[in-house]
Amino acid sequence: MIYNAKKTERKWQDIWEEGGVFHAKYNIDKQKFYALVEFPYPSGAGMHVGHIKAYAGLEVISRKRRMQGYNVLFPIGFDAFGLPTENYAIKTNLHPRIVTDNNIEKFSEQLKRIGFSFDWSRVIDTTDENYYKWTQWIFLKMFENGLVFKDKALVNYCPSCKVVLSNEDSQGGKCDICHNDVVQKSKDVWYLRITEYADKLLEGLEEVDFLPNIKLQQVNWIGKSTGAFVRFDIKGIDEKLQVYTTRPDTLFGATFMVIAPEHPIINKYSEKIENMAQLQEYRKECAKKTEFERTQLNKDKTGVKIEGLKAINPVNNEEIPIYISDYVMMGYGTGAIMAVPAHDERDYEFAKKFGIEIIEVIKGGDIEKEAYPGDGEMINSGFLNGLTNKNDSIDKVIEFLEEKNLGEKGVQYKMKDWAFNRQRYWGEPIPIIHCEKCGIVPVPYNELPLRLPEIKDFEPGKDGESPLARIESFVNCECPKCLGKAKRETDTMPQWAGSSWYFLRYIDPDNNSEFANEEKLKYWMPVDWYNGGMEHVTRHLIYSRFWYRFLYDIGQVPYKEPYAKRTAQGLILGPDGDKMSKSKGNVVDPNEVIDEYGADVLRSYVLFMGDYEKAAPWSESSVKGCKRLVDRVYNLYEILTDSKNYSKELESSFHKTIKKVTLDIEALKFNTAIAAIMTLLNEIYDKGSITKGEMKALLIILNPFIPHVTEELWEMCGFDGLLANAAWCSYDEEKCKDSEIEIVIQICGKIRERIMISANSSSEEAIEKAKSLEKIAEAIKGKTIVKEIYVSGKLVNIVVR
RNA sequence: GCCGGUGUGGCGGAACAGGCAGACGCAAGGGACUUAAAAUCCCUCGCUGGCAACAGCGUACCGGUUCAAGUCCGGUCACCGGCACCA
């Protein structure tokens, strides 16, 4: 029989959809399982095989859990605001709304062609005003709670996309969207105070089940460090220069200070500074460098001494020079450091280059050769001399500083506040009004959604201004407070806004009075299992945990953490082993695979191709292996017999396979689960027939992987109802065990023989039987037996001398 | 530079928690069926030697622990990912 995948798959997709088979129903009497996959950005390029792999994992788990009786919520939606769509719209002269609608339609069709068991009744689209109304609502709540502020500061700016970027969006000094170099620019920026949540985000990690490397990456990204703030007097001026240091214990060794080129103190005291022109020259040079050059290429220290200003070391009143150098960043700590060349590598290098004194304050290294960052006995350190414990020294210094009000304990984070405005059209308008009288006024809640105005020209404005700034009917408005003339904020939110809470909306997508009903949130949250890409660990995954935690703090959601468990799939590489990319021409189109082999083949291949969590190259020929699997399954119908039970020969194999598949699926070991079923299939064909009972079990355990062909066979066999609604197979632990097992006999660890013995043989019996073998007896004859080992069910090892 | 991960046949990958290395699949070779091809089915398939039974070697490299190491320990190398002058 030839299996017609195209016709059959379509048939079942229609039946599932019409029957609402995968619709999740709010039912508090049933154990819920909320499986979440990262909703796609509907780009014009269509789906990528990577999407299929990312979704196929939880798809299999969801189908299995449904069969096991869970009330499964497995939703899908579209994260549709963002630059690529807007850029495409500009290029093709279409409205982003139309581009988005087209792309969503295309994606939906593709996703349905794969037969994913998503609940299509809950689809969300972040660009829908009924959705972004609530994105804006949460933003206003944050505003109300002091988590939104405006600042003019140096920010990451992408000259090519013409937008301000957050730290997360410019990792490695590259724009996340176009991958061009990011520059530092001084701009007015709206920030979300995510740093206020740094500790909560760290603590929350302790109670969730995330892959260890995901946790670690988040911990590193948040980058918490503890230390102290220390204020240095500046000689002759009533001004203190504050630094942050993790090593206050080395304060006696501070022989100079360094401030960032952008540090405000330079302009403030420009009159006192004797070499201002030289400093300006240096600052200009620094400004020219990209972040990349400044941090990566230019490890060679440069800098200029500030003539006319001297700092005073608070512990010994020594006058020390102040330098500007771009190895100190304005964006971290206070933009100024105390330099201890003897015990910090960078300061050492700088001191050597500029001929500055190096004072050893901790014994243990050789400061003639290099800086010594380790521990040891304190020397040359006044009241610290003789101490050997770093923490004791730190405590003592801080005590000293606090007494004189010259410093205190402090904490710093690498994570920065979230630069939240984008100077573009295709995003949620920021619901803020600027009033000359009242200042910054939030848009009243009852005016939400603040809709994006219809416009024709989406080109970003000059000087990095949003296209919305040109729409007078949008800009000019009434101040909600004083009713006077006012202007709207014209920037929009970043792409990450809508995705920061979408998992909450799935729970109650049509709710018009709140973002989601409290009781429903209590039932469905937290997400039981969230799977997605590693690239989101320090972006979306941080942002959404922040938003959710904020909603928890204001009593809007029931639990502290949104995701109980988080895993990540590995990439699918091109057939050449490189990352798939358009420019390399190694991208595999899922549509083509489906056209040629069918969705079941595609689904099973992306799971069978290797370890789910690791990257693996696509192989056209290996896909055929899965094609054979589907055909072989279909052709089982021809060797079907009437018996309702397991056959004697295969009973144990079935129990073992069911057990393995049941456990492997939950461990994301889809490749070995499928391999086990292939092995069973080989046994069935070797035997030459399959009973109805066996067929039933086989179809059930295969269904999550290849749902169409199994559903078809289920119907052909005349089994009740839909396979999708059938109950998962149970297995009998006792029947997974063999009564007779093969063990190997080793002499000194080398295999010499294999025998079958009864599974419950004692150690003595097994060893006796081994020794009675001709070959073994021969081998040990005349030798002393040093040791005899029996590993139950595995081997006998006889050690002789 | 720092942190994390990985390294197994021609290829993708298996191997519970130290106990038969290479499951399953692909590719390749041989055969059956066919006028022929495709599809399907059967056999072989880590390397070396041997007609064979079998023997020796083999999980990046060097060393160690153990009756026994892909797995544990110490060191080296390579590749991948993250961070990157974070004071």
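Per chain, numbering begins at 1; letters A, B, ... match sequence-line order. Heavy atoms only: backbone and side chains are in, while hydrogens, waters and symmetry mates are out.
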- Item | Per N220(A) side chain, nearest of listed nucleotides A87(B), C3(B), G25(B) | C3(B)
- Query: With a 4.0 Å cut-off, would you call K769(A) and E764(A) a salt bridge?
  - Reply: no
- Task: Check the distance between A87(B)'s P and F229(A)'s CZ and give it to me in whole angstrom.
- Result: 12 Å
- Query: Using the ring of each side chain (for Trp, its six-membered ring), is Y3(A) parallel, tilted or perpendicular to Y634(A), with breaks at 30° and 60°?
  - Reply: tilted
- Using the ring of Y327(A) (Phe, Tyr or Trp, six-membered ring only), decide whether K301(A) places NZ or CZ under 6.0 Å from its centre and within 45 degrees of its axis. yes
- What nucleotide among C67(B), C24(B), C57(B) has an atom nearest to a side-chain atom of T679(A)? C24(B)
- Message: Taking the basic N atoms (NZ, or NE/NH1/NH2) and the acidic carboxylate oxygens, is any pair closer than 4.0 Å for K174(A) and D181(A)?
- Response: yes
- Is any NZ, NE, NH1 or NH2 atom of the basic residue among K215(A) and E206(A) found under 4.0 Å from an Asp or Glu carboxylate oxygen of the other? no
- Query: Say you pick atom P in A14(B) and the same atom in G64(B); how far apart are they, in whole Å?
  - Reply: 31 Å
- Message: Without decimals, in angstroms, what is the distance between Q218(A) CD and G4(B) C1'?
- Response: 15 Å
- Item | Value in whole Å for how far the P atom of C24(B) lies from CG of L629(A) | 14 Å
- Item | B/S/- contact track for nucleotides 9-19 of chain B, protein heavy atom under 4.0 Å | ---BSSSB--B
- Evaluate salt bridge (charged side-chain N to carboxylate O under 4.0 Å, His left out) for E38(A) paired with R566(A), printing each intermediate quantity in order. CA-CA 11 Å; E38(A) 286 167 348; R566(A) 167 78 187 200; 2.8 Å; yes
- Message: As a test of reading the structure: which of A87(B), C57(B), C83(B) is closest to the side chain of V328(A), going by heavy atoms?
- Response: A87(B)
- Nearest-nucleotide 5' precedence on RNA chain B, G793(A) against T334(A): G793(A)
- Item | Pairing pattern in dot-bracket form [Watson-Crick, G-U; both distances under 3.5 Å; | = partner strand] for RNA chain B | (((((((..(((......[....))).(((((.......))))).((((....))))..(((((..]....))))))))))))....
- Message: Do the side chains of D199(A) and K224(A) get close enough for a salt bridge, i.e. N-O under 4.0 angstrom?
- Response: yes
- Query: Are the aromatic ring centres of Y543(A) and W418(A) under 6.0 angstrom apart?
  - Reply: yes
- Message: Measuring to OP1 and OP2 of G25(B), would you say a side-chain N or O of N682(A) lies under 4.0 angstrom away?
- Response: yes
- Rounded to the nearest angstrom, tell me the gap between atom CD1 in I743(A) and atom P in A68(B). 19 Å
- Given the P atoms of A68(B) and C57(B), what is the spacing between them in whole Å? 14 Å
- Rounded distance in Å between the C1' positions of C42(B) and G50(B): 27 Å
- Would a line drawn from the ring center of Y323(A) to the ring center of F354(A) be shorter than 6.0 Å? yes
- Expressed in whole Å, how much space separates the C1' atoms belonging to A15(B) and U8(B)? 10 Å
- Item | Atom C1', compared across U76(B) and C24(B): separation rounded to whole Å | 35 Å
- Item | G12(B) to U65(B) separation - P atoms, rounded to the nearest Å | 34 Å
- Message: Considering every strand and a 4.0 Å limit on heavy-atom distances, what is the contact class for S619(A): base, sugar-phosphate, or nothing?
- Response: nothing
- Does R628(A) place a side-chain N or O at less than 4.0 Å from the phosphate oxygens OP1/OP2 of C26(B)? yes
- Query: Syn or anti: how is G9(B) classified when any glycosidic angle within 90° of 0 counts as syn?
  - Reply: syn
- Rounded to whole angstrom units, what separation is found between the CD1 atom of I798(A) and the C1' atom of A68(B)? 14 Å
- Message: How many whole angstroms separate atom CD of E753(A) from atom C1' of C54(B)?
- Response: 12 Å
- The nucleotide from C83(B), A23(B), G56(B) with an atom nearest the side chain of R752(A) is G56(B)
- Note on the structure: Whichever of D686(A) and G335(A) has the more 5' nearest nucleotide on RNA chain B, that residue is D686(A)
- P spacing across the pair C62(B) / C54(B), given as an integer number of angstrom: 30 Å
- Message: Taking atom CD as the centre, does E740(A) end up with more than 12 heavy-atom neighbours from other residues, nucleotides or ligands that are less than 6.0 angstrom away?
- Response: yes
- Report the distance from atom OH of Y413(A) to atom P of A87(B), rounded to the nearest whole Å. 13 Å
- Task: Give the rounded distance in Å between these two atoms: CZ of F210(A) and C1' of G4(B).
- Result: 18 Å
- Task: Using the P atom on both, measure C43(B) against G81(B) and round to a whole Å.
- Result: 43 Å
- Distance check: side-chain N/O of Y244(A) vs OP1/OP2 of A87(B), anything under 4.0 Å? no
- Message: Checking Q746(A) now: which residues fulfil side-chain hydrogen bond (donor to acceptor under 3.5 Å, both in side chains) with it, not counting sequence neighbours?
- Response: none
- Would K53(A) count as a cation-pi partner of Y612(A), with NZ or CZ less than 6.0 Å from the six-membered ring centre and within 45° of the ring normal? yes
- Ignoring the backbone of N213(A), work out which of G4(B), C20(B), C83(B) is nearest its side chain. G4(B)
